[in-house]
Amino acid sequence: MPISRFPRTPLAHLPTPLEPLDRLSEALGGPGGGPRIWVKRDDCTGLATGGNKTRKLEFLMGDALARGCDTVLTAGGLQSNHARQTAAAAAKLGLRCELFLETVPGTPDTDYDRNANVLLDRLVGAEAHVFEHGGPLLQAMADRAEELAGQGASPYAIPVGGSNGVGALGYVDCALETERQATELGVRFAQVFVASGSAGTQAGLLAGLALAGSTARVIGVNVSTDSAEQSAKVSAVLHECLELLDGAKTDVGDIVCDDGYFHPSYGVPNDGTLEAVRLLAETEALLLDPVYTGKAMAGLIDYIRQGRIPAGEDILFLHTGGQVALFAYESLL
Ligand SMILES: *Cc1c(COP(=O)(O)O)cnc(C)c1O
């Protein structure tokens with residue numbers, strides 16, 4: 001069915017701004033001039049410091065409310081932006097929230113386990129269950145959902161990152177919104193760069209751009225895994241989302257996932273990540289994060305330096321948020 005018919009609850013400040021990054025474009029352009037870089041400010045969705053999960057949660061929480069649920073559960077890393085936005089959405093809607101969080105190897109000893117997203121989870125009243133990395137997080141969440149149901153509650157379990165077909169509808173909507181803004185500005189984006197983790201954002205964008213008839217190429221910059229695994233993840237969510245929209249036959253073109261920028265591992269920034277975070281702060285006062293957007297922007301910067309993007313092209317960077325995590329990484333910055 002069409003996207004307008006799915007249950008949806010308003011949580012985000014929309015539309016988010018679409019702005020040129022002229023000082024960055026100039027800094028990267030060199031003598032021959034480079035591409036013109038734009039940013040879609042989904043860091044400004046507004047929910048307890050915002051980010052990309054808020055758009056997904058409009059549909060996921062809409063579904064939870066339509067089913068009469070009273071408790072939401074979700075899982076992620078200790079500094080999960082998704083967990084924090086889910087906890088915030090639950091607070092705003094008057095639902096209970098339980099989080100299943102795991103430690104992330106290689107992250108800073110100071111602040112990571114208590115500041116930033118962890119602090120905000122606590123402030124908005126979520127209950128957190130914390131596990132060591134590799135622990136039985138998802139099993140614990142499933143068991144707890146069953147236990148709650150047995151006690152007469154009505155639980156709603158949201159997958160890691162809110163990445164299923166329903167959550168991805170948020171990025172179908174973002175793609176349509178971006179196309180409208182681009183038309184108003186008289187811009188046609190040749191490429192869109194986005195951090196790709198649990199894959200719902202890239203999947204929704206691909207579906208939405210295809211449905212809008214856009215020819216923009218989406219470059220997913222992996223944050224946690226190699227390209228074969230990441231494109232399989234994107235493909236699975238993409239097909240689930242297109243099914244929901246009765247668009248299973250839609251031609252979305254290639255799924256591009258680049259694994260050149262996430263090393264050494266999820267949640268651990270490399271030199272390129274930190275350079276991107278600093279460059280964007282210094283040229284545009286735009287705050288990136290060390291886990292997702294810093295890695296995606298490092299990819300975009302490297303593509304430009306390698307001459308892989310023609311001068312004069314309009315390139316969109318989708319800012320998916322996460323800046324609050326900077327406060328967990330003070331020791332590296
Ligand atoms: C979750 C997240 C992403 C990745 O989105 P997915 O839909 O999980 O691929 C990117 N940036 C930030 C800041 C995030 O929190």
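FYI, side chains are in, hydrogens and waters are out, and symmetry mates aren't considered; it's all heavy atoms of this structure. Order of appearance sets the numbers: ligands from 1, and atoms from 1 within every ligand.
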Subject >> Donor-acceptor pair between Tyr171 and Asn52 side chains, under 3.5 angstrom >> reply: no
Original post:
To the nearest 0.5 Å, what is the distance between OH (Tyr261) and CG (Asn270)?
Top reply: 10.5 Å
**OP:** Tell me yes or no: between the side chains of Asn81 and Gln85, is some donor less than 3.5 Å from an acceptor?
**Re:** no
What are the atom names and distances for all N or O pairs under 3.5 Å between ligand 1 and the protein?
from: ligand 1; atom 1: 5 (O); to: Asn52; atom 2: ND2; distance (Å): 3.1
from: ligand 1; atom 1: 5 (O); to: Thr201; atom 2: OG1; distance (Å): 3.3
from: ligand 1; atom 1: 7 (O); to: Lys56; atom 2: NZ; distance (Å): 2.6
from: ligand 1; atom 1: 7 (O); to: Gly200; atom 2: N; distance (Å): 3.4
from: ligand 1; atom 1: 7 (O); to: Thr201; atom 2: N; distance (Å): 2.9
from: ligand 1; atom 1: 7 (O); to: Thr201; atom 2: OG1; distance (Å): 2.6
from: ligand 1; atom 1: 8 (O); to: Ser198; atom 2: N; distance (Å): 2.8
from: ligand 1; atom 1: 8 (O); to: Ser198; atom 2: OG; distance (Å): 2.5
from: ligand 1; atom 1: 9 (O); to: Gly197; atom 2: N; distance (Å): 2.7
from: ligand 1; atom 1: 9 (O); to: Ser198; atom 2: N; distance (Å): 3.2
from: ligand 1; atom 1: 9 (O); to: Ala199; atom 2: N; distance (Å): 2.8
from: ligand 1; atom 1: 11 (N); to: Thr320; atom 2: OG1; distance (Å): 2.6
from: ligand 1; atom 1: 15 (O); to: Lys53; atom 2: NZ; distance (Å): 3.0
from: ligand 1; atom 1: 15 (O); to: Asn81; atom 2: ND2; distance (Å): 2.9

Original post:
Hey, does the side chain of Thr45 reach the backbone of Gly51 with a donor-acceptor pair shorter than 3.5 angstrom?
Top reply: yes
Original post:
Can you check whether Asn164 reaches Leu60 side chain to side chain, under 4.5 Å on heavy atoms?
Top reply: yes
Original post:
side-chain contact (heavy atoms from CB on, under 4.5 Å) with Arg55: which of Thr320, Leu169, Thr16?
Top reply: Thr16
